[in-house]
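Report on the following structure.
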Amino acid sequence: MNGLEILDTGPLSLIQDLGRIGHLRSGVGVSGAADRRSLRLGNRLVGNNEGAAGVEVLLGGLSLRAQQPTTIAFTGAPAQAYRDGIPVGHSSVIDLRAGQTVRLDYAPSGLRTYLT
């Protein structure tokens, strides 16, 4: 996600991947994204490897500005997103030009929305 300036994180935004599966014997928990299915979907939508990291946004409130042309997607909890104040679809590809902003409302249901 090169070229994105974070303007507001909301209550909590974390970088997450799919975790560390298969290491419990060594005392390493799986961790990673709470909703792996949504993270995988977002990565597929934007052409990333399914295991690539994304931003896990708790409840919503994320706001950012593109510094260069960028393609993103929001998946997971159905928080409404806005590109320059205009609503955009959830679980869809969002193309941004340099200088455009994206704001994510708080989710009416669910806890975690993923930005890929």
Side-chain angles (χ1 to χ4, degrees):
M1 294 187 313
N2 291 336
L4 294 175
E5 176 186 2
I6 297 169
L7 304 174
D8 194 348
T9 62
L12 180 66
S13 294
L14 303 169
I15 304 296
Q16 295 288 358
D17 61 10
L18 296 178
R20 310 292 169 265
I21 298 168
H23 299 284
L24 285 176
R25 286 182 125 171
S26 302
V28 178
V30 175
S31 297
D35 182 353
R36 288 174 180 78
R37 188 170 142 197
S38 292
L39 179 59
R40 284 186 182 107
L41 172 61
N43 278 323
R44 285 194 309 268
L45 286 170
V46 298
N48 291 344
N49 177 295
E50 280 192 7
V55 180
E56 183 179 78
V57 183
L58 183 67
L59 300 174
L62 180 71
S63 180
L64 36 95
R65 179 180 302 123
Q67 299 298 305
Q68 63 189 37
T70 306
T71 300
I72 64 171
F74 289 108
T75 55
Q80 179 63 59
Y82 299 86
R83 177 180 46 207
D84 286 342
I86 299 169
V88 293
H90 188 71
S91 295
S92 63
V93 175
I94 303 166
D95 290 317
L96 301 173
R97 294 185 311 271
Q100 285 189 304
T101 59
V102 175
R103 179 178 53 83
L104 187 66
D105 274 350
Y106 287 87
S109 63
L111 291 176
R112 293 173 175 85
T113 302
Y114 292 86
L115 164 66
T116 50

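Residue numbers run from 1 in the order of the sequence given.
The distance from atom CG of L64 to atom CG of L7, rounded to the nearest 0.5 Å, is 6.5 Å. Summarising the geometry, atom CG belonging to D84 is positioned 10.0 Å from atom CZ belonging to R65; distances are rounded to the nearest 0.5 Å. How far CG of N43 is from OG of S38: 11.0 Å, rounded to the nearest 0.5 Å. Put simply, CG on L104 and OG1 on T9 are 12.0 Å apart, with the number rounded to the nearest 0.5 Å.
By the 4.5 Å heavy-atom criterion applied to side chains, L115 and V102 are not counted as neighbours. With a 4.5 Å cut-off on side-chain heavy atoms, I15 and V55 count as touching. Residues I72 and L4 have side chains in contact (heavy-atom distance under 4.5 Å, counting atoms from C-beta outward). For the pair I86 and V88, the minimum side-chain heavy-atom distance is 4.5 Å or more. Using a 4.5 Å heavy-atom threshold, the side chains of R103 and D8 count as separate.
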Between L45 and T116, is a side-chain contact (heavy atoms from CB on, under 4.5 Å) present by the stated rule, with each step listed? CA-CA 8 Å; L45 286 170; T116 50; 5.7 Å; no
Please lay out, stage by stage, how L111 and L58 fare under the test side-chain contact (heavy atoms from CB on, under 4.5 Å). CA-CA 6 Å; L111 291 176; L58 183 67; 4.2 Å; yes
For the pair R112 and D35, evaluate side-chain contact (heavy atoms from CB on, under 4.5 Å) and give the outcome as yes or no after the intermediate values. CA-CA 8 Å; R112 293 173 175 85; D35 182 353; 5.5 Å; no
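With Y114 contributing its side chain and Q16 its backbone, the two residues share no donor-acceptor pair below 3.5 Å. Under a 3.5 Å cut-off, the side chain of E56 and the backbone N or O of A34 do form a donor-acceptor pair. At least one donor-acceptor pair closer than 3.5 Å links the side chain of T113 to the backbone N or O of A77. Of the possible donor and acceptor atoms, none in the side chain of T70 sits under 3.5 Å from a partner among the backbone N and O of A66. Without hydrogens or angle criteria, R40 side chain to E50 main chain gives no donor-acceptor distance under 3.5 Å.
The two atoms that bring G51 and D17 nearest to each other are O-CB, 3.9 Å, heavy atoms only. Across every non-hydrogen atom of P78 and S109, the tightest pair is CD-O, 3.4 Å. Nearest heavy-atom pair across I94 and R83 is CG2-NH1, 3.7 Å. Listed here is the closest heavy atom pair of G10 and Y106: CA-OH, 4.1 Å. Taking both residues in full, the closest heavy atoms of G60 and P11 are given as O-CD, 3.2 Å, listed atom of the first, atom of the second, then distance.
In this structure, R37 places its CZ atom where only 12 or fewer heavy-atom neighbours from other residues, nucleotides or ligands lie under 6.0 Å away. More than 12 heavy atoms of other residues, nucleotides or ligands lie within 6.0 Å of CG in L12, so this atom counts as buried by the packing criterion.
In this structure, L41 is a member of the same hydrophobic cluster as V93, with clusters built from ILVMFWY side-chain heavy atoms closer than 4.5 Å.
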